[in-house]
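First the structure, in the form of structure tokens, and then the observations on it.
Per chain, numbering begins at 1; letters A, B, ... match sequence-line order.
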There are 2 protein chains.
Amino acid sequence: MTIPEAKDKFIEAWGAFGSAWGINRSMAQVHALLLISHEPLSTEDVMEQLNISRGNANMNLRALIDWSLVRRVLKPGERREFFEAEKDVWKVATHITRERKKRELEALIRLLDEMEDIPGATPEAKSIKKMTHDLHDSPPAWTTCWTTAHAAMCSGS
Amino acid sequence: MTIPEAKDKFIEAWGAFGSAWGINRSMAQVHALLLISHEPLSTEDVMEQLNISRGNANMNLRALIDWSLVRRVLKPGERREFFEAEKDVWKVATHITRERKKRELEALIRLLDEMEDIPGATPEAKSIKKMTHDLHDSPPAWTTCWTTAHAAMCSGS
DNA sequence: ACAATGTTTCAATACTATTTGAAACATCGA
DNA sequence: TCGATGTTTCAAATAGTATTGAAACATTGT
């Protein structure tokens, strides 16, 4: 496998993976490109290498910065900005999960909170209460369940 | 909050959550509905309660069974099938992560495998090698990183 | 065999999300 | 201040996904 082939495949795969997990493909591809670059890239570099528009490149670079996955880099004597990815996989994982937690999990947890006090003791009411309770408060709350199970699966089989 | 309100909110929230994670909304909503039902539901029940078509309901019920999140239940004397969700949150988490691993992670890992032997020692080649290696083989492989970090985030702050 | 009941499929359609591209906006140096 | 260079925004176009609904298929009881 040649270098350019490897690059393309990695970008494609990371893009597809991101997309399956609800992260838009361009964002994941820009991230992939920066992850495997040995030096910071400019907006133009990103546009050219991925064949995407300026607007798209700009928007996703900003989003990646917002997620703390990419840093702005200024080269001395250069007017334009360059971008560099965080390459420590541990940090990458941490930043992604922190953002997703903030954006998606918290809304759900908040709702489960509100649902604490549902009236009634019909089988239906009981069932709703039990499920929301299990998801919300049970000792290893379901989010932990999820991730622990995931970790187990990944390291295991 | 009344029971029907709670039901609707839960279904909506679970649907939105699923959607953000790349699971189609209807599938997540059907799952939510079954999670909080105190008894198994028929295809018709699902169609009515969620206002979705027969085709959609059927397709997503099959998908949920395929993910081991829902079981087919036969009531004695009834011709049609009923459906019941797995309610143990631990199992739910395990089944979801197992499926997603199978479907999405393995393709990526396979590619990273292939990328083990990239030629060249230019800075570019080195950078690609390092990243794919880190993602693929480093002791707590990145998947574990991800999930461990996630678990930490969720139980923590 | 056939009517009744229930399930599955899939082409057409509706819907949602992403991407573009061009205009507006900033900043710098002369 | 003005031209050059670089960045941001956002409405419109496009691409991608999900949903419908009706027809085909399957199964059961008589």
Report the residue (A:Ala57 or A:Arg79) whose heavy-atom-nearest nucleotide on DNA chain C is the more 5′ of the two.
-> A:Ala57

Comparing nearest nucleotides in DNA chain C, the 5'-proximal residue of the pair A:Met27, B:Gly55 is B:Gly55

Could you state the atom-to-atom distance from CZ of A:Phe82 to C1' of D:dT7 in whole Å?
-> 14 Å

A:Asn56 and A:Ser53 side chains, donor-acceptor separation under 3.5 Å | no

In terms of side-chain geometry, is the basic nitrogen of B:Arg62 or B:Glu81 positioned less than 4.0 Å from the acidic oxygen of its partner?
-> yes

Separation of A:Gln29 atom CD from D:dA15 atom P, in whole Å?
-> 16 Å

Atom pair distance, as rounded to whole Å: CZ in A:Arg54 and C1' in D:dT7 | 8 Å

Atom pair distance, as rounded to whole Å: CE in A:Met47 and C1' in C:dG21 = 10 Å

Base, sugar-phosphate alone, or nothing: which one does A:Glu44 contact when heavy atoms must sit under 4.0 Å apart?
-> nothing

Would you kindly give the CD1-to-C1' distance between B:Ile52 and C:dC15, to the nearest whole Å?
-> 16 Å

Have a look at A:Arg62 and say if it touches a base, only the backbone sugar-phosphate, or nothing, with a 4.0 Å heavy-atom cut-off.
-> sugar-phosphate

Charged tip of B:Arg100 within 45° of B:Trp67 ring normal and under 6.0 Å = no

Using a 4.0 Å heavy-atom cut-off across all strands, classify A:Asn56 as base, sugar-phosphate, or nothing.
-> base

Using a cut-off of 4.0 Å on non-hydrogen atoms, how would the nucleic acid contact of B:Arg80 be classed: base, sugar-phosphate, or nothing?
-> sugar-phosphate

Has the side chain of A:Lys129 got a donor or acceptor atom that lies under 3.5 Å from a matching backbone atom of A:Ile118?
-> yes

Figure out the CE/C1' separation between A:Met59 and D:dT9, and round it to whole Å.
-> 9 Å

Atom NZ of B:Lys130: over 12 foreign heavy atoms under 6.0 Å | no

Within this structure, what is the CG-to-C1' distance between A:Leu61 and D:dG6, rounded to whole angstrom?
-> 14 Å

Which nucleotide, C:dT19, D:dT7, D:dT27, lies nearest any side-chain atom of A:Glu81?
-> D:dT7

No-H, no-angle donor-acceptor pair, A:Arg25 side chain to C:dT18 base, under 3.5 Å = no

Select one nucleotide: of D:dA18, D:dT7, C:dT5, the one nearest the side-chain heavy atoms of A:Asn58.
-> D:dT7

Rounded to whole Å, the CZ-C1' distance (B:Phe83 to C:dT8) equals 12 Å

Among D:dT7, C:dT7, D:dA18, find the nucleotide with the atom closest to the side chain of B:Asn24.
-> D:dA18

Measure from the side chain of A:Ser26, starting at C-beta and using heavy atoms only, and say which of C:dT20, C:dT18, C:dA26 lies closest.
-> C:dT18

